[in-house]
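Just below is one structure, and these are the notes that go with it.
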Amino acid sequence: MISVVFVCLGNICRSPMAELIFKKMVKDRGVDGMFEISSRGVSDEEEGNPVYPPAARVLREHGIEGSHTATRLTKRDVLNADYVLVMDSGNLFDVLRLTGGQCGDKVFKLCSFTSRPRDVADPWYTRDFERAYADICDGCAGFLDHVTGARRQ
Ligand code: 4NP
């Protein structure tokens with residue numbers, strides 16, 4: 001099993017979107033048995049809260065169902081994971097601070113697996129949930145190709 005933890009700030013928008021998008025993607029490709037998939041936030045501000053309704057709405061509009069309860073990332077989560085996929089540079093900094101700089105070789109920005117490496121802009125501030133959805137799909141597809149050794153056209 002490949003253990004993947006998606007990480008954002010609050011764990012109510014981008015990382016639960018990534019968790020649910022990636023769960024559907026691996027199921028659609030018939031490789032869901034290869035992965036253990038979860039998501040966490042570097043902040044505890046939203047702990048216990050469900051997926052933010054506008055994020056859940058965008059997922060539903062794209063045929064993706066599922067729920068998640070916001071949970072803060074721990075050092076143990078990072079130690080136990082094979083891949084920690086963060087949404088932006090701030091998350092990357094916060095994860096490495098949590099681990100005291102350990103495990104840097106398994107922490108990646110999600111969109112570093114695309115042809116256009118970038119941050120997934122936080123829709124909490126941009127209010128652009130469609131753009132976040134598109135960036136996360138691109139990153140998840142690139143990451144899945146990376147770990148399965150596939151190549152995209
Ligand atoms: P997320 O978005 O990191 O994509 O879950 C945010 C959610 C909540 C806050 C910031 C970003 N907040 O400041 O409460």
Side-chain angles (χ1 to χ4, degrees), residues 2-28 35-147:
I2 301 170
S3 165
V4 182
V5 184
F6 293 99
V7 174
C8 64
L9 179 61
N11 195 215
I12 57 169
C13 297
R14 293 165 296 172
S15 64
M17 288 173 77
E19 174 186 339
L20 297 171
I21 288 166
F22 194 63
K23 280 180 172 169
K24 179 165 190 298
M25 199 175 275
V26 296
K27 200 162 184 208
D28 289 347
F35 294 95
E36 189 180 297
I37 303 159
S38 61
S39 68
R40 294 288 183 267
V42 290
S43 150
D44 64 359
E45 203 141 311
E46 299 291 341
E47 206 149 36
N49 287 337
V51 179
Y52 188 52
R57 191 175 314 127
V58 167
L59 290 176
R60 254 194 326 274
E61 284 167 4
H62 289 276
I64 297 173
E65 300 287 341
S67 60
H68 178 76
T69 302
T71 307
R72 188 181 200 167
L73 182 76
T74 65
K75 186 172 178 179
R76 180 173 297 276
D77 292 328
V78 180
L79 293 173
N80 288 341
D82 295 308
Y83 289 95
V84 178
L85 302 180
V86 303
M87 300 298 135
D88 62 33
S89 302
N91 307 151
L92 184 63
F93 180 85
D94 287 339
V95 171
L96 294 179
R97 186 170 53 186
L98 177 71
T99 61
Q102 283 180 56
C103 301
D105 56 341
K106 60 166 100 165
V107 188
F108 301 92
K109 287 205 278 184
L110 179 61
C111 288
S112 65
F113 295 97
T114 73
S115 56
R116 196 164 60 84
R118 61 202 183 274
D119 286 355
V120 178
D122 195 336
W124 182 263
Y125 301 107
T126 66
R127 311 311 297 174
D128 193 343
F129 289 83
E130 274 296 340
R131 186 175 134 214
Y133 175 84
D135 284 348
I136 292 166
C137 284
D138 194 23
C140 284
F143 172 68
L144 184 53
D145 287 349
H146 170 79
V147 285

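Each ligand, and each atom within it, is numbered from 1 in the order the structure gives. It should be emphasised that the depicted structure is a prediction, and the values quoted were computed from it without experimental measurement.
- Residue, atom and distance of the protein heavy atom nearest to atom 2 (O) of ligand 1 are D122 OD1, 3.1 Å.
- Ion pairing between R14 and D122 holds under the 4.0 Å rule for side-chain N and carboxylate O.
- In terms of polar-atom proximity, defined here as any N/O pair under 3.5 Å, C13 does make such a contact with ligand 1.
- Annotation for ligand 1: atoms under 4.0 Å from non-hydrogen atoms of G10 are 1 (P), 3 (O), 5 (O).
- Scanning the protein heavy atoms around atom 8 (C) of ligand 1, the nearest turns out to be W124 CD2, 3.6 Å.
- Within 6.0 Å of CZ in R116 there are 12 or fewer heavy atoms belonging to other residues, nucleotides or ligands.
- Against a heavy-atom cut-off of under 4.0 Å, I12 is close to the following atoms of ligand 1: 5 (O), 7 (C), 8 (C).
- Scanning the protein for heavy atoms near atom 14 (O) of ligand 1, the closest one is E46 OE2, 2.9 Å.
- Rounded to the nearest 0.5 angstrom, K24 NZ and C137 SG are separated by 9.5 Å.
- Annotation for E36: atom CD does not count as buried by contact number, only 12 or fewer foreign heavy atoms lying within 6.0 Å.
- For ligand 1 and Y125, the ligand atoms under 4.0 Å from any heavy atom of the residue are 10 (C), 13 (O).
- Between R14 and ligand 1, an N or O atom pair is found at a separation short of 3.5 Å.
- Between F143 and Y83, the ring centre distance stays below 6.0 Å.
- Taking 4.5 Å as the limit, every side-chain heavy atom of I12 sits out of range of all side-chain heavy atoms of V51.
- A salt bridge links K109 with D119: at least one charged nitrogen is closer than 4.0 Å to a carboxylate oxygen.
- Listed by atom number, the atoms of ligand 1 under 4.0 Å from L9 heavy atoms are 3 (O), 10 (C), 11 (C).
- Counting only heavy atoms of the protein, atom 1 (P) of ligand 1 lies nearest to C8 SG, 3.5 Å.
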